[in-house]
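Index from 1, following the sequence. Read the numbers this way: they start at 1 and go in the same order the structure lists the ligands and their atoms.
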Amino acid sequence: MYYLGVDLGGTTIKVGLVDENYHILHSISGPTGRERSAEEVLKDMAMLCLEVLKRQGITEKDIHSIGIGSPGIASPEEGVILSSSNLNFNHVDVRKEIQKYIQTDVYVENDANAAALGEVICGAAQGEDNVVVVTLGTGVGGGLVSEGKINRGSFFGAGEIGHQVIRFGDGEPCGCGRKGCFEQYASATALIRQAKAAAHLYPDSKLISLAKEGLIENINAKVVFDAAQAGDETAERVLETYFKYIACGITNIINVLEPSMIVLGGGMSAQKEYLTNPVTKYVQEEMYGGLSLKTKITAATLGNDAGIIGAAFLGTTLK
Ligand SMILES: [Zn+2]
């Protein structure tokens, strides 16, 4: 039996055929073209799915289901995307649209939730029964998985870890409408902003010399880590503060949910122990009542494949 997983993004639709051992056998992608109607976007998605099946010499009868990870809020059992500002989708019956072209079960899920499920099924959190995946990328996303099931809350909107306020009052404004959200301090975007500000104050910093063409505007997350590992004090200070921001949000999560594991995903997970070791240290320092930290904090291992693999197996976790 095979499983089709789709990562529906704001710019790209990625489709992967996954086998029972969680291996992606074949994947293809195409542009989302999000300025178009939902019907047109979903027709292209269905065509990509059919193309993957054709290339692998199988048919819709050989697949268990199609699972789709999408930005926004989704109702998985109905197969409906309730709202996605990223895609201009509003109450779109994805199942009905896809089934015009392919006769199989169709499930949809928030993309961060799907990626979290992937890490639990076959990534960093295999065998863990109570997991929070925190995605540190352009923004900060989150997914809660307990006993192998995604916790969506009562109205499908749970897991918005990036929008807990960690700085009340004068915090950075956030796209969600609040100020001081975790996302504005702990995302890769935030790290780059913090590093650029520091580089303006300390023009001799390696933050600038290691950036492409020696330009502040070209500082990225990797430059910050590289500069710190080369002993640059400005980069070290930027990262120390950044790790403390991450630790603040993660300690809040542990205080509320006490998961057995927190997985740090997104682009920042490429830094592995350079990220998880200092974050673990600062979380330990903030633990409630000085208790010893039992929650493991680790880096995601599936990278960009987590979304496709998690989506592919949505149909098996819902039933
Ligand atoms: Zn926010």
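For the Zn ion (ligand 1), protein N/O/S neighbours under 2.8 Å (waters excluded) are His163 ND1, Cys174 SG, Cys176 SG, Cys181 SG.
Relative orientation of the Tyr185 and Tyr245 rings is tilted, given thresholds of 30° and 60° on the angle between their planes.
Looking at Glu39 and Lys43, no side-chain N of the basic residue comes within less than 4.0 Å of a carboxylate O on the acidic one, giving no salt bridge.
Shown here is Lys196, whose NZ atom has more than 12 heavy atoms of other residues, nucleotides or ligands within 6.0 Å. With a 6.0 Å radius and a threshold of 12 heavy atoms from other residues, nucleotides or ligands, Glu233 has its CD atom at or below the threshold. Counting non-hydrogen atoms of neighbouring residues, nucleotides and ligands closer than 6.0 angstrom, the CD atom of Glu258 reaches no more than 12 such neighbours.
With values rounded to the nearest 0.5 angstrom, Glu20 atom CD is found 8.0 Å from Phe313 atom CZ.
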